[in-house]
Structures are given as C-alpha cells and as structure tokens.
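It should be emphasised that the depicted structure is a prediction, and the values quoted were computed from it without experimental measurement.
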Amino acid sequence: MSKYDCTKTELKWQKIWDKSKLNSADLKSSKKKYYNLVMFPYPSGDKLHVGHWYNYGPADSWGRYMRMKGYSVFQPMGFDAFGLPAENYAIKTGVHPSKSTAKNVETMVKQLKRIGCMYDWDKMVNTSDPEYYKWTQWLFLQMYKNGLAYKKLSSVNYCPSCKTVLANEQVWDGKCERCKSDVQNKELEQWSWRTSKYSQRLLDGLEDLDWPEKTKLMQRNWIGRSEGIDIYYDVDGLDEQISVYTTRPDTNFGATFIVVAPESEFVKKNFDEFKDKKAVEEYVREAGKKSDIDRIAEGRKKTGVDTGLFAINNLNGKKMPIYVSDFVLAHVGTGCVVGVPGHDIRDFEFAKEKDLEIVRVVVGDDGDKSPIESAEQVQEENGTMINSDFLDGLPIMEAKEKIKDHIEKDGFGKRVVNYKLRDWLLSRQRFWGAPIPIIYCDKCGEVAVPEKDLPVELPEDVDYMPKGGEKSPLETSKKFVETNCPKCNGKARREVDTMDTFVCSSWYYLRYLDSQNKKDPWDKNVAKNWMPVDMYIGGPEHACMHLIYARFVMMALHDFGYVSHDEPFLKLIHQGLVTKSGAKMSKSKGNVVSPDEFVEKYGSDVFRMYLMFMGPFTDGGDWNDRGITGIARFVERFWSMIIEKSEVKDADGLKRAVHKLVKRVTRDIEKMHFNTAVAALMEFVNFASKNGVDDSAKKICVQLIAPLAPHLAEECWETLGQKYSVVDSKWPTFDEKLVIDDTVVLGVQVNGKVRGEIEVAKDAKQEDAIALARKNPNVLKHLSEGKVVKEIYVPGRIVGFVVK
RNA sequence: GCCCAGGUGGCGGAAUUGGUAGACGCGCUGGAUUCAAAAUCCAGUUCUAGCAAUAGAGUGCGGGUUCGAUUCCCGCCCUGGGCACCA
C-alpha cells in the first residue's frame, strides 16, 4: 500500500489549479453568482498565525461547498496595508513603510497560497497601492461633492513631549505609551464624514440582514436611537436659555440643578456673568488638559464650579443653580444636563459632592417614600410618580408622555429623536495612509483636487520621524506640500493629513470586482450583478466600526448613483477567537503560533481539518496541537479506503450508510458545523473498513470531503478516474427514505430510569412495543416493585412505565 | 455597573431543541505485529462498588415543572466577550 504524500500532492494540485485558472471567477458569467468574502488581513510582520487559518480555512470550505452546489463563486483576497504598525516600525528601524509592507505582503501571499484556498489572485488588492488609494481619494471627493465631508475643530490625544498625536491604543492610563508623559486634549481642524445623517437608515437596514442577532444588537446600541425632549430653561436675570436633551422628562419636578460642559458654548458666551470667573477659567483649563481617557479614568469623584447663575424650571418656577463640570461632554447631546439627583446615579453623586437638594419624585416597587439619602435608594427605572403635581400617581411611562404634551403645549420644549452615533472623524496626522485630496489656495481657499489629478501620491522624501508637532509628517516634504491651485494656478499648499484606514476598508469589496480597472473604481454592471456580498466572514471585533462604516459608504454611494444596492453584506458570520494559553495571540505577549511548521509536517488539508475539528466555527478555542495526529491518521485511512480494493459485505447497508453520510455532511456544512462533518466522515471510514466500499460510495465520499480537504479530494478524484476538477462536480444528494432505518433500538424506562432496551420496527404499534418491553427481565424486575399506573410509548424514541 | 455568549469525562467536543448523556478524536490501559522500537491493527476507557449481571451518582451550584430535564422555569456562582460618567 502506498502512503499518502501530503506535501507532494498538495504542491502538485496547487500548481495545476494555478495553471488551469481554476479559481479565476468569470465576473461576466451568467451563472448564478456567490460572492464569498473574508475580511482581508493587515500585513503585519507577525505573518499569518493559526487564527488566520482558523478563519480562512472554513471560509474557503464554505465557498467550495457553494461552488459544488452549482454557484459561480468569487473569492478574492487582499491586504489592508495602511496603518500604524508599519509607521511605528519605520520610526524604530528607519525602513520605509512601503518597503516593509511589500515584504510582509510577499510572505503572506506565499503562506496564503500554501493553504490552497480558491482565491482569485488576479483580483488581489493592496490598499497602499496608488492604483487603489487613488479611488479611496475619489471616494473622499464624492463625499465632499455631496456635502457629506466637512471640516471642524475636533480633539485629539496629544503628547507634548513626543510632539505627536496619539491613537487611543498608544495612551496608557492617560499617559503616552512611549515616554510616559501626561497626554493632553488638543483641538485641531479635522475632516469628518456625516455618518450621523444616516443614523435612521443604518438602524432600519439591519432588519433585513441575515446577521447574528448579537451583532445587530450591538449596532443598534451603537447607533443609540432615543426618543426624548429638548427642554428650555430661562437663565435668571439674563436674556439667555439653556437647552437640555432628556429621555426622562417625567422626573423633571425633581430637577434641582443644571450642569454645563467646560467646553460648551454656554460657558464661552456667558463667561462674563459668572460669579467666580477665575475659578471657572481655571477649571476649564484643567479639564482641557485632560484627555478624554484621563477624564474617564478619574474615577467616580465628581468635581465642578458654581457659576453663580440660576436657571428657572418652568414647571414649578424653581431656581436651579448652574454648575460647570467635566463629567458632561460638550459633543454629547446639547452639552448641558439637568440634574435630577433622586433618579440618576451620576446626578446623585454630584449633588452629594456639592451639597445640593435631592427630591424624590418616583416611588419604586418597594414602596419606599422616604427622602433619598444613599445611592442604593436612587430609583432609575419602574415606579410611580410622587411630588410631581399633575403627574402624581402615574406610572413612569404614562407620565413621560403626559409631561411631554404639557411642555410642548406651554412652549418650553420640543420632542426630538436623538442618536448616539457620531460623525466619522477621519483625519489622521500620520504618514502611512491615503492623503486627503484637498488643496488650500491663498486666493481661492479650500479646493478639491480634480479627479483627473488623482492619485495624490505619498512622497518618497518624507521624514516620518515624529517631530511634526500636531501636523502629519507629510508636512516635511516640500515637494508634496507645495503645489499650484487647480483653479487659479497660484501658490497653494496640500492638506497633509491622511485618511483613517477604515476608509480604505470601507469599500474594498467593490474594488475586488474590477481591481485592474484604471478608468473606474469598479465596473458598474459587474457590481450590479455581484453585489451585495453573499457571505461575509470576519471577527466580531468589527461589529461596530468597520461594519457600520462599510454600510454607510455603500448607502452614500447608492444615493450618489454609483451602485444599485445600499447594503454591502447580506449574510455575516463571525469566526471564533483562537487563543494561546487563554490569551489573544499577539507579538507583545509573545504567544503567536505559526501554522507553517504544522503545514510542513502534516500538510494544509490536515491542518485545516484539525482547526475545524476543534469545535464549532463560531466558537474558537484555545490552541494546542494535541490531537492533530488523529486527523493525520484519518487522512491516511481515507486514502487507503479509496485506493484499496475491498469486498462489500452488505450492499444495502452500505447504500444506507452513504445516504446517511450525505445528509449529515450536508446539514453540518450548512450550519458551519465543520467539526461534526469531519466526525461523520470518520465514522464512515470506520464503517467502510469493516464492511467494505464500492466505487460509487468512494466517489461520493471524495465529493463530500472535497470542501474540507481539497488537495486530498482532488488526488482521490483523479485516482478514481473522474474528470477534473472535483470542485466542479455536483454535490451529492440523498434519498430521505434510505436515511431512516426499518428497525430502531429503544430504551425502556421505569420511572424515568433506563432499565433495558428493545429492538422494534420503526413504526411498531404501542401494544407490540410495550409487550416486548415487558419481556425484558430487568425491566420486569423493576415493574414488580409496584403497580404500573402509566405506559408511555413515543415511536422511535422511548418506551416508559410509571410504577407506584 | 449594564448588555450578550458560555459552563458536559483526564482533554477538544457530540446529543435530531423534552426521550438510552458522553458520537468523533486525543490521551490512557491491555493485546497483536516486531529481535526491539516507531508506525499500524484489535479491544477497553464518565465516576464509585462488584469477577460479573447489576446498582448508585453524574451535564457549574440550589430549587421547581414532568413518567422523564444538558434541553423548560426561578434564584445564585464562575469564565469569556462587548459597552461604559452618552444625559
């Protein structure tokens, strides 16, 4: 018997696939399409680790399965190549990001090819390629032209010692990860896209998507729709109003103070009216020094300054002191909060700190009507109104509507729908990204780069070392910065900020559809047929950022008339996380496991199946290599089953076993339960080694294993004299009649405990089954312990007796 | 703190959503083969007692519904993930 040589066989078939262009999808084909997409990787120096394989292997198996089901499957691959790590690597080693990235891409392509996935390499994309980011810039211009891109002052984390802007992940405990200095908040003019304009559509669109409920829920929370009311409070003695958004107007009789954010308009406008200007000025300055993260990390202790001003509650004429405090953020809501300390924990904490009045207006289920003195008594949900004039006695939900009507009627408030979703701030003060295609002219002001001048290429002569202050390192390239105005041809300067890498990844699924096209970002007709993506597979960590950005971009492009659909991803699956010793794999933890040595030793088919065999695809798990030999043995046994002659002992039994196998493997793959699909095939191989197999059974087995072990299947298929390629053969079907056995073995229970078993026809009558069960000596023994009061028979499942 | 998942042998995991818990694989034990080992093949393997038939216990813990619960209900504990001064 000849052993199965995995390496030789796998390399052989990879070469044949490559040569025959087996995996190049014909995007103009009229066959029913299936766009099977995995989230593209970031080309890091870590190379691909087992987590990538855990994702890509099963995703490819799914694509192969769909292909055998008769679809024209398109499976592209590319690289999300811009980003921080390459830039940091450059700062550390002096190697230009384009060089290190190119090298990483090369290694990863080599690794990816070794998996043997059916990637269509002709359509590969690399987001740092000028031919790609040209269109990322084009996308920016479309947003700009259509009023969805705008500039505003926004705050960033700034390290005064490194003189550079930091990403959130570079800030540790409010300190710069590199030099440990305190990180500051700095306001810079930055570009944003109006995602908030699409809040309601992003929310509504979720309804029809075949996504995990968990992910939809996360997006709903992220978008954060709430129905509330803006209430206006007159400021005592001034011609001024404070507007506050609240979802809890029902508690407004319990309002005792107002808090405004240090950066709010109110503070700027009314500064001269404040009692202790110095204290407020000082407080605002201190708050400005803190980064957002620092402000959060400060703990639960509340601080603030009394402005000396009062606001009037129009409900009851109450005068409420106005405070400035940093627990209120200017960019959330209206930047002002009405303090209801009896029914909001944060307000309660602030009131305790400042010794402000606390009024109870809600009685909870416990019926406690006593004054609120401790945080535990703060009643936020459920209850009945008290001390609230005309609302007294109403449940919260009813009181909410009644008071909204009242406030609107009296004209000191208006119902509004509010969303937490903010606009997408996409300016980055970094080198390794797509330059924002805007020019500032001395005469004409802000001018968009004409589309014919794209791409705005990244310069070679830039100094990317961090010393540019609050500007991007691109500022150091004269050649880049200095340009002429496209309008007047006068002296002008380029925008030096680059775009968030999420912009690059927000539209790549469209570029794949025509990655060689130099005239257009994609072929409109091809996109019309191939979008939306039928299956999108990637990590759950992208539930809110990437998956909202991509949906937003698709909707915007649809509105501009460039695409026919407004949702990019029809079905979404998250693969599970593979950990090592319980921790996420990362270079810093030094626990990255490389797949390479396992692939070399056992082959990629074995490695892929082993990862699948770990458990359900969506679960993930902790990596260890114990047990990989089990899959290697299985592959050997499978190979022997195919090449060795055997004698069939029971032809009917074999036929039934094959039909059962087809049913199980089909069902398991449909559910993405690859682990049990492999187990079913193992069981069949065990069965075959005892009972023999014929050629037709062999053929079906090879087809069933083809999505899971593509190289092995191809070799077996050829050995059986079948026509290349197995992935283009039709997925086997089964006959439901042959899956059900004529006889079944049933357990016999006495008072719920199994006391024996009987074999009966699958549709045996109750009397017959009960009679047979009564003949079992052990059952009889337990029946004799009392009187049988009930007989139970569930055909195909169980026989039971109740004895008393 | 809030919102999701999840907790099953020595290990990874199965169980047709109320019907014989532990499929499949790893590991372990014994046997065959071999001068010997590796590899391979065969048998066994939840725990306790027993030579065995069998009995008792058993799906994180405590209750409940039911002839019967890993599955349904109530209360707790633990682990993983997400969000967090968001008004």
Side-chain angles (χ1 to χ4, degrees), chain A residues 1 3 212-215 217-218 221-222 224 226 228 244-248 259 261 292 295-302 325-329 331-340 344-347 349-350 418-422 540-541 543-544 574 576-577 579 582 584 609-610 613-616 618-631 633-634 636-637 640 663-664 667 673 675-686 689 745-758 777-778 781 788-794 796-804:
Chain A
M1 164 191 142
K3 267 197 88 174
E213 274 310 314
K214 196 176 119 186
T215 310
L217 189 71
M218 277 167 80
N221 291 340
W222 191 267
S226 65
V244 173
Y245 173 79
T246 178
T247 54
R248 294 298 306 278
V259 185
D292 269 5
R295 233 152 107 165
I296 294 160
E298 207 187 11
R300 303 210 164 255
K301 175 144 172 92
K302 300 287 180 289
S325 174
D326 63 6
F327 84 88
V328 176
L329 303 174
H331 57 81
V332 180
T334 59
C336 310
V337 174
V338 56
V340 186
D344 182 283
I345 289 283
R346 295 178 313 268
D347 296 351
E349 285 167 355
F350 188 78
N418 198 54
Y419 302 90
K420 281 190 213 160
L421 185 71
R422 294 185 217 157
E541 67 274 17
C544 290
H574 299 302
L577 182 69
T579 55
K584 198 173 163 171
M609 277 196 285
Y610 179 59
F613 199 58
M614 273 171 62
T618 49
D619 281 10
D622 203 54
W623 166 260
N624 70 65
D625 57 9
R626 294 194 304 263
I628 191 165
T629 52
I631 303 290
R633 273 178 210 151
F634 164 63
E636 282 298 340
R637 283 166 64 86
S640 321
K663 181 177 179 176
R664 280 180 67 184
R667 190 195 59 201
H673 286 189
N675 54 333
T676 46
V678 174
L681 284 158
M682 285 173 168
E683 280 180 62
F684 185 84
V685 171
N686 292 343
S689 78
V745 176
L746 300 182
V748 181
Q749 295 181 339
V750 180
N751 287 346
K753 280 194 197 284
V754 181
R755 299 300 181 184
E757 48 184 43
I758 53 167
N778 196 42
K781 197 178 103 196
V788 176
V789 295
K790 196 175 176 188
E791 290 170 342
I792 297 149
Y793 174 59
V794 184
R797 298 245 194 255
I798 203 87
V799 175
F801 297 97
V802 183
V803 172
K804 271 194 179 151

Which parts of nucleotides 43-50 of chain B does protein reach within less than 4.0 Å, heavy atoms only, written one letter per nucleotide 5' to 3' as B for base, S for sugar-phosphate only and - for none? --------
Are the side chains of A:R755 and A:K781 in touch, meaning some heavy atoms are under 4.5 Å apart? no
Measure CZ/A:R633 against P/B:C42 and give the value in whole Å, please. 12 Å
Could you check A:E541 against A:F801 and say which one's nearest nucleotide on RNA chain B is further toward the 5' end? A:F801
Taken to the nearest whole Å, CG/A:N221 to P/B:G1 is 19 Å
For A:T629 and for A:C544, locate the closest nucleotide of RNA chain B by heavy-atom distance; then report the residue assigned to the nucleotide nearer the 5' terminus. A:T629
Rounded distance in Å - CZ (A:R755) to P (B:U54): 11 Å
What are the two closest heavy atoms between A:V328 and A:C336, and how far apart are they? CG1-N, 4.2 Å
Are any non-hydrogen side-chain atoms of A:L217 and A:E213 less than 4.5 angstrom apart? no
Can you find a pair of side-chain heavy atoms, one from A:R637 and one from A:N686, that are under 4.5 Å apart? yes
Between atom CG of A:N221 and atom NZ of A:K420, what is the distance when rounded to the nearest 0.5 Å? 6.5 Å
Rounded to the nearest 0.5 Å, what separation is found between the CD1 atom of A:I631 and the CZ atom of A:F613? 5.0 Å
What is the separation between atom CD on A:E349 and atom P on B:C85, rounded to the nearest whole Å? 13 Å
Spacing of A:K420 atom NZ relative to B:C83 atom P, expressed in whole Å: 12 Å
Euclidean distance for P, B:C83 against B:C76 (whole angstrom): 26 Å
When you compare B:C74 with B:G30, how far apart are their C1' atoms, in angstrom units rounded to a whole number? 49 Å
Hey, are the side chains of A:V337 and A:D347 touching, using non-hydrogen atoms and a 4.5 Å cut-off? yes
Do A:H574 and A:T215 have side chains that approach each other closer than 4.5 Å (heavy atoms only, starting at C-beta)? yes
Report yes if some heavy atom in the side chain of A:I798 is under 4.5 Å from a heavy atom in the side chain of A:Q749; otherwise report no. yes
Read 5' to 3' with Watson-Crick or G-U pairs under 3.5 Å, [ ] for crossing pairs and | for partners on another strand, RNA chain B gives (((((((..(((......[....)))((((((.......))))))((((....))))..(((((..]....))))))))))))....
Whole-Å distance between B:C42 P and A:N686 CG? 8 Å
Determine the Euclidean distance between corresponding C1' atoms of B:A43 and B:G62; express it in Å to zero decimal places. 42 Å
Spacing of the P atoms in B:C72 and B:C4 (rounded, Å): 16 Å
Between atom CG in A:N778 and atom P in B:A53, what is the gap in whole Å? 11 Å
Taking side chain as C-beta onward, heavy atoms only, is A:V748 less than 4.5 Å from A:I758? yes
What interatomic distance, in whole Å, is found between C1' of B:U29 and the corresponding atom of B:U46? 16 Å
Min side-chain heavy-atom separation A:F327-A:E349 under 4.5 Å: no
Expected string for nucleotides 4-20 of chain B under the B/S/- scheme (protein heavy atoms, under 4.0 Å, primed atoms plus P, OP1, OP2 as sugar-phosphate) is S------SBSS-B--BB
Tell me what A:T247 touches on the nucleic acid: a base, only sugar-phosphate, or nothing, going by heavy atoms under 4.0 Å. sugar-phosphate
Applying a 4.0 Å non-hydrogen cut-off, can you work out what A:R637 is touching in the nucleic acid: base, sugar-phosphate, or nothing? sugar-phosphate
What about the rings of A:Y419 and A:W222, do their centers lie closer together than 6.0 Å? no
Heavy-atom nearest pair, A:G228 first then A:Y245, reads N-OH, 3.2 Å
For the pair made of CD in A:E213 and P in B:C3, what is the distance, rounded to whole Å? 17 Å
When the P atoms of B:A69 and B:U20 are compared, how many Å lie between them, rounded to an integer? 12 Å
For atom C1', what is the distance between B:C61 and B:G7, given to the nearest Å? 11 Å
Where the chi angle of B:G9 falls, syn if within 90° of 0 and anti if not: syn
For the P atoms, the ones on B:U8 and on B:U17, what distance do you get once it is rounded to whole angstrom? 23 Å
